[in-house]
Structures are given as structure tokens and as C-alpha cells.
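Dropping a structure here in C-alpha cells format, bear with me for questions.
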Amino acid sequence: MQLTFPTYEFVFFFLPVVLAGYYLTCGFLRRQASRPVVVGRMAGLKPDRLFLTGASLLFYLSFGLYNFLILCLQAIIGWLFYLLLQRTKRPGPRSYLMAAAVAGVLTPLAFFKYGPVSMPVALSFTTFSLLSFLTDAYRGEEDDAAFGDYLLFYFFFPKLLQGPITRYADFMKTVRTPGGLPDGNTFAQAVFCFVLGLSKKVLLADRLARPVDFAYRVPGDLLWMEAVLAVVAYAFQIYFDFSGYCDMGRAVARMLGYDLPRNFRQPYRSQNILEFWRRWHSTLSQFFTRYVYIPLGGNRKGRVRMLAITLLIFLLSGIWHGSGWGFLLWGAAHGLLACTTKLLPRPLRLPRALKTLFTFLFVTAAWIPFRAVDPDVTLAMLRVIADKPWLKLHNAFIDTWTDNLLWYPLKVLGVPDIRTGGTICLWIVLAVSALLIFAAPDAQELSERFGNRLAARSPASCFRVGLAALCCAGLFLWCVLSFGEVSSFVYFQF
Amino acid sequence: MITNDIDKTDKRSHPAKVFLACFFLLSALGLLAVSLIIARIDPFFRYHAPLADFPYVVDNQLSQNIGMAERFGYDAVITGSSMTMNFDTDDFTELLPAHPHPLKLTTNGALPHDIDRILDAAFRSGNEIRTVFIALDPSTWTAPSGAVKYPWPEYLYDRNPFNDVKYLWNMEVLLEYCLRPLAEHEATDLSTVYATDWEDDLYYTLDWILDHYEEPAAVAVETPKDAYLPETKRNLEQELLPHIDAHPETEFCFFFAPYSVLYWHGVLQENHLEATLSQEALLAETLLSRRNVRVFWFQGLEEVITDMDGGYMDEIHFRPAINRMMVRFFADGTCEIRSREELEVRFDALRRLLEGYDFDALLSGR
């Protein structure tokens, strides 16, 4: 049993138990005037944080003892390096120590990512969190970390599996008050956001995954239209999958009184690739900017160097995502366009819609090697797309879009056969996805607006809020009933 | 005054509470309603016997077999691999009058442990089972201990009530097995449940078979004669013999289905004919050592297994008419073997047939 968010076990057991336990602990703390309980000499472990750390460890234990032990080992190694950095004051040894720390933290990631052994879930994310923590410590920006807080930062379950990648200092800012709990409005807003994130994952990403998996399994047999639809569907799928996870993670954190940074800001509406990376997985971009781009000189040491660092960062990003050359190609493509964009003396004078369309098409095309990983699959896919446009679709491809919940009403409405029904399902799913991506506010914006409505506290808003509850309950019910066929998250593998 | 009114309104309104109360209440009611519908209809027969007036759809072997075995009323069981799926239980009723209520529990590709679980459930049901018909597929009897062909949905079989949510809150169960049958009113005919709809003559042709046939590569080194025996013996002792010994009142009727000559061509190519035959001999001999066992060997039916243009749709899957023929033979004892010696004689006949068969001519139909 793996406790990913869209599972019966997480939603109906783990989350309620953790919330209840945490709220009881916080209530107790309030009554006790929040006196910290000191465990050992080095760590000021507070019961609420201790509870959450324990819950997070249990959460990760559900992914297997092997994974758990590896992450624990990495956490301990990280902490030992931190202690050594704190005790080493001379700059020379300190820099050697930092180099050893980087090597010590990155080696397991490289071993598991490129070696014959399967990589523990979340290792990519914990490695970057740890690198950020140790670098900040090396720079003297983080010198009062307590072991208990560090463990919570490392294992905090709402962000453990897929980020966002946070800095220790930023994370701790939100937890300075022991026993601090969210108010009713924040909690309601978090529930609202969780349901929206869950819907993105279960109702959209997983639905889009079926034709995508089908297409990338048999790329050579695809017709032109099928390949194009599959490529676009993957662009939508990975967005809903990853951003849905982040919405849920952020919502769960808020239920616990913590605030995680926003990782997505409607990235497919970007007008150039640089803007895209400010909106897509933004904490990864921030990580690279802070710990690679700026230390290597950034834009302070001439244009050539700036472009080289930019390209390097995108290649590193590709390598971080996986070992296949498809990831490298993906990183290189993004890097080259980013460099080209930086070389432009001024933004292109084109209609905004055209720039958005170009950026989306580029990002969508770049996902092909990323999804395919195997160069043969990439080439097969590109070959079909480069072929003469043809609008025909195979029945087997249409079948992957057919959704009973959509097909049955269509049948009742008189749609003659399942082929037509499947085709209608295809366009409904794509149209809804496109609408949500390009025209509607995203889950974070919606939940912020919803929070404002809650704060208004007027009878009119009560009615609207009741209506929102009805919609949310409907979506939640639909999601829960679909848990039986939910796949794992795309970003689990990275 | 106005300010005071606003203040009063503010104090009375708690949108967050309204939202949370409505959300949790509606969600709980929705989930409860779905649970009640599924538990009442119980399409996988987890909680009760089928409702008399509900048109059940039965098409999911892994999810429905165990429930059927535990909740249905029957006096004979037909189980095993896809070799059993085209049996019509009405044939059993007609030709074997001692079994008026047989139940078919096919599991495609069934490994010994799959059969063991089906038999466990059947004998747990409290039905008075007179005969169990089981297909013996030699290739499955070397499976690792406890292996199953496809993962079973354990939540349907264990005693843990909490994981029943996977059944009770399941969109597919609700739509496909509860609401669709209500709309379509087409109940599955249990006498032909799991049967293929391959009646179309298109599939029962040599052209079709050869189009989909991949000839195994020739293997130079012959598989040792005893290569399959240890695993087969272990599987027999772990998965099958305990049932036979625990239920002396039940007759166990095993049969080796009539695989086509093309199957045997593959065996010859892979060079394990003698190993396969000695495995079959071990199976038959061990089973025949029990008093309540009968064994039928249909693999030597020359007219059947050489009828490649009309009798089969691939190397092993035959027309439903052959299933009816086997039921007839169960009734009159044709092809029944009673000793290893008798089986060895039939093996010799098969060897001669394969030796003299013109496989090149068969395969040249490509």
C-alpha cells in the first residue's frame, strides 16, 4: 500500500488521522502555553512538529522499507555534513567540506538514477532540498537549524514526493509558531484546493494518460492525427498530473497550518520559454538560479558565459529528470530556445496569442523525447508527425478516449455507435483540458478567490459557498469512485 | 444603525462552516448511496447470493469467480484454463444427468494456485459438490509456488472489511455492473458464461491461424526427460492433492484438452516432447493413485487435433463443438485412462502421428 494522495488509504485514513492527531497535539500545546519539549541536547523538538515528522516517516514507510532506509541514510548524512560545516570555520577546509557534501549528496542520486538499481521514490527531490540546505549553511545563511526541524523539513509529507523544492529558511518561516493552526476559512480553502487538485489528477491526467500510453507503445502504427493528438494530450497530462499533485500537497500543508510555495502559474500561457520556466515547476528554476546560475557568474560575466550557464542549467535539468538521452535532448531543446530568447535585443512584436501558441507548440514538441525516452520511439513519433496530415483515427485509438460516464449519456442522447461516442469523448476531454489550461483560472487562483468569498461572510456568499460545496462534493465523489483505476504520478519516476 | 445591521449579519454568517458542513455531508451521503447500491446488488457476490430479479453481467473471472463459488448453489464445478471456457453447462445437465446444476469457473491461463483458490472457495461454500471437472495444461504445472496468472483483487477475498471500499466505491462496478444491467436488462447466461464469441468461421481457418502463428525457433539440445517433474510434483502436492484427499465424497475428473498438431509442432521445435509427455504421465499417475479421480486424455484424438482448417483458431483453442464432444466422452468414458501403462500406449500413438505428420505442408499454407 503506497500512500499517494489519490488513494482510499490516504484520503480516508491517513489524512484524517494525521489531521485529528495534529489538531489534538496543537490544542494540547496551546493549553500548555506552547512549552517546547526538549528531546536530547541538540534538538528542540516540539510535540506538534514531532508528530508531523512521525507521520511523514510513516507516510514514506508505505513506499517500502528499502526506500525508507535509503532516505533516512541520506538525511543522516546531510545532517552530519551540516554539523561539520557548523564546526569548521576556516574557509579552505570549509570549501573542501562543502565539495565533499555535494559529492556525498549527489552520488547516491547518480548511482540510483544511472545505476542498475531502481531509484527510491522522492530521492531527486530530497537531494535538491538537501543541497539547498547545505549550501545555505555553507554560505552562513542557515546556522541555527535544529535536528527535529531539519527532519520535518526533509520528510514533510505534503512535499516529500514531488516537491515543491523549498529552502529550509523559507519552510521554517511558516512554522515558527508552535501549535499554530489554520482558521476555518483557510481550512475550507485548503479542502477546496485539494478537491481541485485531485480532480486534475484523477479526472483529467489519468484520462489523458490512456491514449498517450497507447500511442507511445505503438508509435510506428499511428496515423498522423493520432500522433498529434497524443503529443498534445501528453502536454496536458503532465501539466494536470504534476500541478494537480502540487495543488494537493499545498492544500494538505495548509490544512496543517504550513505554507508551501506555488509551483505552477498557468505555464502554457507563457509568451516565451523564459517565462514558461518562471511558471512551470518554478521552485526547480529558483533552485538552479540560486545554486547554479548565480554562483557561476549569472549575467555578470559577459554574454557568452551567461548563455553557456543557461544551456548548462537546462542540460542539468534534463539529467536530473532521468538517464535516457530523451531527457538530455529535452533539456538541450529548452536550453537552446532559452539562449536564443536571451539573445533577442527586445521581445518580438507579435500578437500575444501567437507568442503563446508558439511557446506551447515548442514545449509540446519538446515533450516528445521526454515522454518517449527511447530514441527509436521519438523518431517514430516525429516521422508520423512529419508525414502528410491525415484526419483518420483507428478504432483502437478512439477506444482509449471512451469514458463510460460520458459515453452512456451520449448513448441515451442518440449517438449511434461507440466510435462516434468515443470521438465525441475525445473532443470533450481535449476541449475541457484546453479551456482549463488557456482560459480558466487555475486551482490556486480559484481557491484564493474562494477564500475571499469566505472572508466576505455575507448571506449571499453563504449561498454561493453552499453551491461550491455541492460542486466540490460532486467532483470529490467522482474522483473517489475513480480511485480504483488511478495510475501513479508522472513525476514519481524523476 | 446600518453598521449594526451589517455586524449582525456578519456574526450570523459562517461561510467556511457552511462550506465544510455541506461538503462533508454531501460527500458522505453520496458515498453512502453508492455503497448501498453496490452492496444491495452485489455484482461480484461478495456479500450475498444473486438477487432473483437482477440481470447480472458476469464477465470478470478474477472479480466474480470467487463470489460465484462461495454464494451460488451448484453440484458440480468446471474449472481450469481457457480450455474450459467454451463448455456449455447445459450440455453437462443433458449428458450427465447426475449433475443438474454445474457451475463454470474458468480462469484463463489458470496456474495451479489459481485452481487451488477456486477449489477452496467452492468447498467452503457448503454446496454438496459431486464432481469437479478440471482442465490440465502441462505448461502451467511448472509455475513457481503460489504464483497466479493474473493478480487477484485481494480486497474481494480477504476478511478485511476496510478495503471493501475498493469494491463499494468503484466507478466501474457502479456503471458497468449495476447501472448498465439495469438499463440494458440483458443478464449473462451462466450456462455459457466466459464463452468466446469466436463462432464466426473467419477465425476457424488455417489462414487465420497461420497469420497469427509464430513458429518457435528450433532448439538443438533436448530438454531432459525429468526437467519438469520436481515443480509439477510440488504443485500437485501443494495445490491439488490436499483437496482430493480432503473430499473423498467428491469425484475429480481431470482432462488433458486436445491441443492441435500445431501445438505439438512447437513442442518438437523446442525439443521438449519427451519432457512434456513424462510430465503428463506424472500428473496422470499421481492423480490416478486416488480413488476419487478420473483422468481423460483427449490429446490423441487424431481427427480432432489435425483439423486445422475449421477446428481451431490458434494452436490450442478449439471450437465449442469439441467441448460438447468432451462432455459426451465424460459420460461414456471414451478417452478415459486408468493407468500409466495405458497412457504410455497412447503416447506412442501420438509420437507416431507427429513423426509422420507433414508439418511443412501445414506451414506452407502461409
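Letters A, B, ... are given to chains in the order of the sequence lines, protein chains preceding strands, and every chain is numbered from 1. Note that these values count all heavy atoms, side chains included, but never hydrogens, waters or copies made by symmetry.
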Legend entry - Plane angle bin for A:Phe450 and B:Phe19 - parallel if under 30°, tilted between 30 and 60°, otherwise perpendicular: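 Rings of B:Phe19 and A:Phe450: perpendicular, over 60°.
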Inset, instruction - Evaluate whether atom CZ of B:Phe24 has more than 12 neighbouring non-hydrogen atoms of other residues, nucleotides or ligands under 6.0 angstrom away. - result: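 Yes, because the 6.0 Å sphere around CZ of B:Phe24 holds more than 12 heavy atoms from other groups.
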Inset, instruction - Before giving the answer on ring pair (Phe, Tyr, Trp, His ring centres under 6.0 Å), spell out for B:Phe72 and B:Phe45 the whole-Å C-alpha distance, their side-chain angles and the decisive distance to 0.1 Å. - result: CA-CA 9 Å; B:Phe72 281 35; B:Phe45 320 109; 4.8 Å; yes
Inset, instruction - Return the option, out of A:Asn185, A:Thr186, A:Asp183, with the maximum number of heavy-atom pairs under 4.5 Å with chain B. - result: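 Highest number of heavy-atom pairs under 4.5 Å: A:Asn185.
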Legend entry - Per-residue contact mode, B:Leu179 against chain A (heavy atom under 4.5 angstrom):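 Neither part, no heavy atoms under 4.5 Å.
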Inset, instruction - Identify which part of A:Gln189 has an atom lying under 4.5 Å from any heavy atom of chain B, answering side chain, backbone, both or neither. - result: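 Neither part.
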Legend entry - Residue part contacting chain B, namely of A:Leu467, when any heavy atom lies under 4.5 Å: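 Contact with chain B: none, neither part.
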Inset, instruction - Please determine, among A:Ala468, A:Gly474, A:Gly184, A:Cys472, the option with the most heavy-atom pairs under 4.5 Å with chain B. - result: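 Most pairs with chain B among the choices: A:Cys472.
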Legend entry - chain A contact via B:Val165 - side chain, backbone, both or neither, heavy atoms under 4.5 Å: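 Both parts, heavy atoms under 4.5 Å.
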Legend entry - Side chain / backbone / both / neither for B:Leu20 at chain A, heavy atoms under 4.5 Å: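 It is the side chain, since no backbone atom gets that close.
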Inset, instruction - Using non-hydrogen atoms and a 4.5 Å limit, figure out which bit of A:Phe13 sits close to chain B: side chain, backbone, both or neither. - result: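 Nothing of A:Phe13, per the 4.5 Å heavy-atom cut-off to chain B.
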Inset, instruction - Quick one: which of A:Phe192, A:Phe12, A:Trp478, A:Phe187 has the most heavy-atom pairs under 4.5 Å with chain B, could you say? - result: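 Winner by heavy-atom pair count: A:Phe12.
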Legend entry - Student check: side-chain heavy atoms of B:Gln238 and B:Ser145 closer than 4.5 Å: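 Yes. Closest side-chain heavy atoms under 4.5 Å.
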Inset, instruction - Output yes when a side-chain donor or acceptor of B:Arg71 lies under 3.5 Å from a complementary backbone atom of B:Arg46, and no otherwise. - result: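 Side chain of B:Arg71 to backbone of B:Arg46, a donor-acceptor pair under 3.5 Å: yes, one is there.
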Legend entry - For A:Lys200, the option from A:Asp206, A:Asp241, A:Asp247 that meets salt bridge (charged side-chain N to carboxylate O under 4.0 Å, His left out):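 With A:Lys200 as partner, A:Asp206, A:Asp241, A:Asp247 yield a single salt bridge (charged side-chain N to carboxylate O under 4.0 Å, His left out), made by A:Asp247.
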Inset, instruction - Can you label the angle between the B:Tyr312 ring and the B:Phe318 ring as parallel, tilted or perpendicular, going by 30° and 60°? - result: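 Rings of B:Tyr312 and B:Phe318: perpendicular, over 60°.
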